[in-house]
Amino acid sequence: MRKHIVAGNWKMNKNFSEADDLINQLVEKLESTDLGDTQLIICPPALYIELASDQSDESYFMVGAQDVSEHDNGAYTGEISADMLENMAIDYCIVGHSERRAYHHETDEQIARKVDQLLKHDLRPIVCCGEVLEEREANKQFEVVKRQIVDGLFHLTAEQFADIVIAYEPVWAIGTGKTATPEQAQEMHAYIRSLIAEKYGAEVADNTSILYGGSCKPSNAKELFANPDVDGGLIGGASLKADDFLAIAQSF
């Protein structure tokens, strides 16, 4: 059975003391917060992963990274390997975020290799997909998302795919204050699930968690999460405030 997941992508925010404060706030508030069956994940900058993982052992959240290298090891200055992440006792890693695709020109083929690295080291990928505004306006959103899913993930076996989490992020809604309507979100999530069912069968599709990312906040999370194919959110700005992040996690 698929999980409800709310994952916080901190992006490049917070200095060390601010990160420590936010983690401590989450730990304290989680002591009196009932999340039901919702799995809470925080993905801080790499510098703070150990800080977060030390606290997660005693609390109710899991920890993920924001990216991983497609390489095993070697002369790749500034990159972080899946082997390094595995040894930091984390559980998840975001790959294919729209900002990585746009600013670092990551291709679906590179994302596929990153997914392979993570699975080899028993880490669960949160794989992002989604269209930019021009593609949505040209009614090419389904074509774009299908290509990203097929080229980035459909080389996997059904057993491997069982460890995948997908995050649909309409790029035009990230950090803009715009949000896909609940109907638009459900339409794309259902489409993604249909692609998975066509490739791997209904059981794998039904067990795959598909998250929504794109200006999700406490005021709209409940309406978005009420859709049958929306299993949670990949949260950006709102994950930087403990109260907002937990309010979203309680929106099921």
Legend entry - side chain to side chain contact (heavy atoms under 4.5 Å, CB included) between Gln110 and Arg100, intermediate numbers included: CA-CA 11 Å; Gln110 285 178 292; Arg100 300 291 309 179; over 6 Å; no
Legend entry - Student check: side-chain heavy atoms of Pro125 and Val115 closer than 4.5 Å: yes
Legend entry - Side chains of Arg2 and Arg193 in contact at under 4.5 Å (non-hydrogen atoms): yes
Legend entry - Non-hydrogen side-chain atoms of Ile42 and Ser239 separated by less than 4.5 Å: no
Inset, instruction - Start with the C-alpha gap between His155 and Asp116, add the side-chain angles, then the distance that decides, and say whether side chain to side chain donor-acceptor pair (under 3.5 Å) holds. - result: CA-CA 10 Å; His155 64 290; Asp116 291 345; 2.7 Å; yes
Legend entry - Leu85/Ile49 under side chain to side chain contact (heavy atoms under 4.5 Å, CB included): CA gap, chis, key distance, verdict: CA-CA 9 Å; Leu85 294 177; Ile49 287 175; 4.0 Å; yes
Inset, instruction - Kindly work out whether a path of hydrophobic side-chain contacts (I/L/V/M/F/W/Y, heavy atoms less than 4.5 Å apart) joins Met188 to Phe154. - result: yes
Inset, instruction - Output yes when a side-chain donor or acceptor of Tyr48 lies under 3.5 Å from a complementary backbone atom of Lys14, and no otherwise. - result: yes
Inset, instruction - Check step by step if side chain to side chain contact (heavy atoms under 4.5 Å, CB included) holds for Tyr60 and Thr33. - result: CA-CA 10 Å; Tyr60 302 96; Thr33 302; over 6 Å; no
Legend entry - Point-to-point distance, once rounded to the nearest 0.5 Å, from CD of Gln141 to CD of Glu187: 7.0 Å
Can you give each donor-acceptor pair under 3.5 Å made by side-chain atoms of residues 158-171, sequence neighbours left out, with the distance rounded to 0.1 Å?
from, atom 1, to, atom 2, distance (Å)
Gln160, OE1, Thr157, N, 2.9
Gln160, OE1, Thr157, OG1, 3.4
Tyr168, OH, Glu131, OE1, 2.9
Tyr168, OH, Glu131, OE2, 2.9
Tyr168, OH, Arg136, NH2, 3.1
Glu169, OE1, His97, NE2, 3.3
Glu169, OE2, Ser98, N, 2.7
Glu169, OE2, Ser98, OG, 3.4

Inset, instruction - Side-chain contact test, heavy atoms from C-beta onward, threshold under 4.5 Å: evaluate it for Gln55 versus Asn24 and give yes or no. - result: yes
Legend entry - Asp229 (side chain) donor-acceptor with Ile210 (main chain) under 3.5 angstrom: no
Legend entry - Transitive ILVMFWY side-chain link Leu211 to Ile149, under 4.5 Å: no
Inset, instruction - Report yes if the distance between the aromatic ring centroids of Phe225 and Tyr212 is under 6.0 Å, otherwise no. - result: no
Legend entry - Flag side-chain contact, heavy atom, 4.5 Å: Asp231 against Lys3: no
Inset, instruction - Rounded to the nearest 0.5 Å, what's the gap from CD on Glu86 to SG on Cys93? Could you check? - result: 12.5 Å
Inset, instruction - Can you measure from CD (Glu183) to CG (Leu224) and round to the nearest 0.5 angstrom? - result: 9.5 Å
Legend entry - side chain to side chain contact (heavy atoms under 4.5 Å, CB included) evaluation trace for Asp67 with Ile80: CA-CA 8 Å; Asp67 190 36; Ile80 299 172; over 6 Å; no
Legend entry - Crowding at CD, Glu223 (>12 non-hydrogen neighbours, <6.0 Å): no
Inset, instruction - Hey, could you give me the CD/CD distance between Gln66 and Glu99, rounded to the nearest 0.5 Å? - result: 9.0 Å
Legend entry - Separation of Asn9 CG from Ile94 CD1 (nearest 0.5 Å): 4.0 Å
Inset, instruction - Would you mind checking if Lys120 and Asp72 are paired as a salt bridge, meaning a charged N to carboxylate O distance below 4.0 Å? - result: yes
Inset, instruction - Check whether any side-chain heavy atom of Pro44 sits under 4.5 Å from a side-chain heavy atom of Val63, and report yes or no. - result: yes
Legend entry - Euclidean distance, Ile126 CD1 relative to Ser209 OG, rounded to 0.5 Å: 10.0 Å
Legend entry - Asn220 (side chain) donor-acceptor with Ser215 (main chain) under 3.5 angstrom: yes
Inset, instruction - With Ser17 as reference, evaluate Asn15, Asp20, Asp21 under the side-chain hydrogen bond (donor to acceptor under 3.5 Å, both in side chains) test and give the passing residue. - result: Asn15
Legend entry - Close side-chain approach of Asp91 to Ile41, heavy-atom, < 4.5 Å: no
Legend entry - Joint cluster assignment, Tyr191 & Tyr200, ILVMFWY side-chain distance < 4.5 Å: yes
Inset, instruction - Verify the cluster assignment for Val145 and Leu156: are they in a single hydrophobic cluster under the rule of side-chain heavy atoms below 4.5 Å apart? - result: yes
Legend entry - Glu198 CD: over 12 foreign heavy atoms closer than 6.0 Å: no
Legend entry - Exceeds 12 heavy-atom contacts within 6.0 angstrom, atom NZ of Lys146: no
Legend entry - Glu28 atom CD, over 12 foreign heavy atoms within 6.0 Å: no
Check residues 240-252 and write down every donor-acceptor pair under 3.5 Å in which the side-chain atom is one partner and the other belongs to a residue at least two apart or another chain.
from, atom 1, to, atom 2, distance (Å)
Asp243, OD1, Lys29, NZ, 3.0
Ser251, OG, Ala247, O, 2.9
Ser251, OG, Ile248, O, 3.2

Legend entry - Whether over 12 other heavy atoms sit under 6.0 Å from Asp54 CG: yes
Inset, instruction - For residues Val132 and Val144, determine if any side-chain heavy atom of one lies less than 4.5 Å from a side-chain heavy atom of the other. - result: no
Legend entry - Ile23 with Tyr92, same ILVMFWY side-chain cluster at under 4.5 Å: no
Legend entry - Ionic contact status for Asp108 with Arg101, cut-off 4.0 Å: yes
Inset, instruction - Kindly say whether Lys140 contributes a backbone atom to a donor-acceptor pair with the side chain of Glu143 at under 3.5 angstrom? - result: no
